[in-house]
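These numbers were taken from a predicted model, which means no experiment stands behind them. Every chain is numbered from 1, with letters handed out A, B, ... down the list of sequences.
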Number of protein chains: 2
Amino acid sequence: MARTAGSHSGITGPKVRQAALELFAKHGYAAVSMRQIASEVGVQAGALYNYTPDKQSLLFDLMQSHMTELMAALPDNTADDPLQTLEHFVRFHMSFHHDRPEAVFIAYMELRNLNEQNFAMIEEMRRAYEDRLQGILIAGQANGVWDVKDAKIATFAVIAMLTGVNTWFRSAGRLSLAEVQDQYWEMVRKAVGAD
Amino acid sequence: MARTAGSHSGITGPKVRQAALELFAKHGYAAVSMRQIASEVGVQAGALYNYTPDKQSLLFDLMQSHMTELMAALPDNTADDPLQTLEHFVRFHMSFHHDRPEAVFIAYMELRNLNEQNFAMIEEMRRAYEDRLQGILIAGQANGVWDVKDAKIATFAVIAMLTGVNTWFRSAGRLSLAEVQDQYWEMVRKAVGAD
DNA sequence: CTGTTATCTGAACACATGTTCAGAACCAAG
DNA sequence: CTTGGTTCTGAACATGTGTTCAGATAACAG
């Protein structure tokens, strides 16, 4: 019969993930204890093990969810012309990352705390994401829309530049996200040599 | 029992720093124990306290040394024209960071493990470094050498882009550092709108 | 109400943590 | 060889670690 028994699985589960997300982002995976997470949730440490087999899986699940969401949200790019596609990518990357600073932070900082298998899986998803940008850059190069010497290098450069925004941008600052997006898009457009 | 040494302050001291540098860079500050560092040095944990008052100071010293070296090595830029100054900055940043990947990694990843005072000091040094680039960008803007909408944003963008190289560049790869420097310089030059 | 079952507590386990310190081991000078 | 000072060991301290599990607790079905 329909599950529904005694309690708060539907509430506690998400709370555990949320607490882990915030604490890992703030203090780092290694510096956060299961007891701290439990305390944030309002529960004893043992109860966490109803929701994750171990601490490592908790980290991995957060990172995997993030990367899966990222890939799913990434706009398709078979239709438009390369310049528009690149612009969409730039704006998408910035707004998606802006909306989930903790997950982004963890995805970049905690790679070394994944075990070998988990690391390989996340790394492959990251590569798939980078490949999407690289594909766009190659397409525009083939069409003569812009001029990049090495698509791989340009890919790294653009992603690093865009992701870096998360380290300083605050919604309460002097610029809105839209303004920052405009300026970054202009820099990217110029950097690849598009008019 | 068999002890190893007698008066090795001049040897053990640097060894402690080196071991801490490597281990912190590889596993993260919080994930590394004093006993691991000691073992790398070939000594018992207690002996480390002849060289550092505590673990926190060990981290801070590494970061402070790195930032001090960075500022000291940064070429002066009062003489040249802005375009050349910017090019020097770009090439300098890339080669300096390339030469000390562990220190760079630590300087970016372990900020949150500094206590409040230490964090403030490192953060100020970082700001001073960024200000140097910002100064260059403003000077070139004033001279009409290039066109950047917002010098602060351009500063962040350029630094993020350049520092990102450390995450993927390997000397054994298909490109030399010089080639990568050339390409990044071209992208930066175009991004700021210089001919 | 009773019976069932998912959820949680609280204690325990075995081991790791940063740090301290008395005393041993060592080196160099006299 | 003796003395003096530096460097290191080995054990200890108090606390924290991830994880397990028997049993208490709560929510539902009948």
Side-chain angles (χ1 to χ4, degrees), chain A residues 1-21 23-24 26-63 106 110 112-118, chain B residues 1-21 23-24 26-63 106 110 112-118:
Chain A
M1 257 255 295
R3 61 140 320 188
T4 357
S7 172
H8 305 95
S9 177
I11 290 176
T12 309
K15 264 176 141 183
V16 169
R17 289 173 57 93
Q18 183 60 29
L21 185 77
L23 289 170
F24 288 168
K26 188 164 188 179
H27 305 292
Y29 173 78
V32 172
S33 72
M34 294 301 269
R35 283 172 182 80
Q36 281 175 65
I37 298 171
S39 151
E40 191 76 15
V41 174
V43 106
Q44 294 296 322
L48 298 181
Y49 291 84
N50 290 319
Y51 304 96
T52 182
D54 49 39
K55 195 188 175 191
Q56 166 77 201
S57 304
L58 198 45
L59 175 62
F60 175 68
D61 287 348
L62 291 173
M63 293 179 77
I106 291 172
E110 303 298 351
R112 62 183 166 194
N113 286 307
L114 292 173
N115 66 31
E116 212 172 338
Q117 287 180 48
N118 290 345
Chain B
M1 309 276 281
R3 264 218 15 210
T4 334
S7 94
H8 292 122
S9 177
I11 291 176
T12 309
K15 265 177 142 182
V16 169
R17 287 173 57 92
Q18 182 61 29
L21 185 77
L23 289 170
F24 288 168
K26 188 164 185 179
H27 306 291
Y29 173 77
V32 172
S33 72
M34 295 301 268
R35 284 173 181 82
Q36 281 175 65
I37 297 171
S39 152
E40 192 75 16
V41 174
V43 107
Q44 294 296 322
L48 298 181
Y49 292 84
N50 289 320
Y51 304 97
T52 182
D54 49 36
K55 194 187 175 192
Q56 166 77 202
S57 304
L58 198 45
L59 174 62
F60 175 68
D61 287 347
L62 291 173
M63 292 178 78
I106 290 172
E110 303 298 351
R112 63 181 165 195
N113 287 307
L114 292 173
N115 66 30
E116 213 172 337
Q117 287 181 49
N118 290 344

- Task: Rounded to the nearest angstrom, tell me the gap between atom NZ in Lys55(A) and atom C1' in dT17(D).
- Result: 8 Å
- Report yes if a side-chain nitrogen or oxygen of Thr12(A) is closer than 4.0 Å to either non-bridging phosphate oxygen (OP1 or OP2) of dC8(C); otherwise report no. yes
- Nearest-angstrom distance from the residue atom CG of Asp54(A) to P of dT17(D): 17 Å
- Message: Looking at the base of dG18(C), is there any donor atom on it, or on the side chain of Arg35(B), that sits under 3.5 Å from an acceptor on the other one?
- Response: yes
- Which residues, if any, of residues 26-34 of chain A bring a heavy atom under 4.0 Å of DNA chain D? Val32(A), Ser33(A), Met34(A)
- Message: Apply side-chain contact (heavy atoms from CB on, under 4.5 Å) to residues Phe24(A) and Ile37(A) and explain how you reach the verdict.
- Response: CA-CA 9 Å; Phe24(A) 288 168; Ile37(A) 298 171; 4.0 Å; yes
For nucleotides 20-24 of chain D, give me every protein contact, N/O to N/O, under 3.5 Å, one pair per line with atom names.
none

- Message: Without decimals, in angstroms, what is the distance between Ile11(A) CD1 and dA26(D) P?
- Response: 16 Å
- OP1 or OP2 of dC8(D) less than 4.0 angstrom from a side-chain nitrogen or oxygen of Tyr51(B), does that happen here? yes
- Message: To check you understand the geometry: which heavy-atom pair defines the closest contact between Gln36(B) and Val32(B), and what is its length?
- Response: NE2-CA, 3.9 Å
- Minimum heavy-atom distance Ser57(B)-Thr52(B), with the two atoms named: CB-OG1, 3.6 Å
- Over how many whole Å does the gap from Gln56(B) atom CD to dT19(C) atom P extend? 9 Å
- Query: For Lys15(B) and dT7(D), what is the distance between atoms NZ and C1' respectively, to the nearest whole Å?
  - Reply: 13 Å
- Where Lys55(A) and Met34(A) come nearest, the two heavy atoms and their spacing: CG-SD, 3.6 Å
- Integer-rounded Å distance: dG18(D) C1' and Gln44(A) CD: 15 Å
- Message: If I compare all heavy atoms of Ile106(A) with all of Leu21(A), which pair ends up nearest, and what's the gap?
- Response: CD1-O, 3.4 Å
- Non-neighbouring partners of Arg35(A) that pass salt bridge (charged side-chain N to carboxylate O under 4.0 Å, His left out), sequence neighbours left out: none
- Whole-Å distance between dT19(D) C1' and Asn50(A) CG? 13 Å
- Rounded distance in Å - CD1 (Ile37(A)) to P (dT17(D)): 11 Å
- List in chain and number order the residues that pass side-chain hydrogen bond (donor to acceptor under 3.5 Å, both in side chains) with Glu40(B), two or more places apart in sequence or in another chain; answer none if no residue qualifies. none
- Item | Lys15(A): side chain to side chain contact (heavy atoms under 4.5 Å, CB included) partners, not counting sequence neighbours | Ile11(A), Val41(A)
- Go through the structure and list residues passing side chain to side chain contact (heavy atoms under 4.5 Å, CB included) with Gln56(A), not counting sequence neighbours. Tyr29(A), Asp54(A), Leu114(A), Asn115(A), Asn118(A)
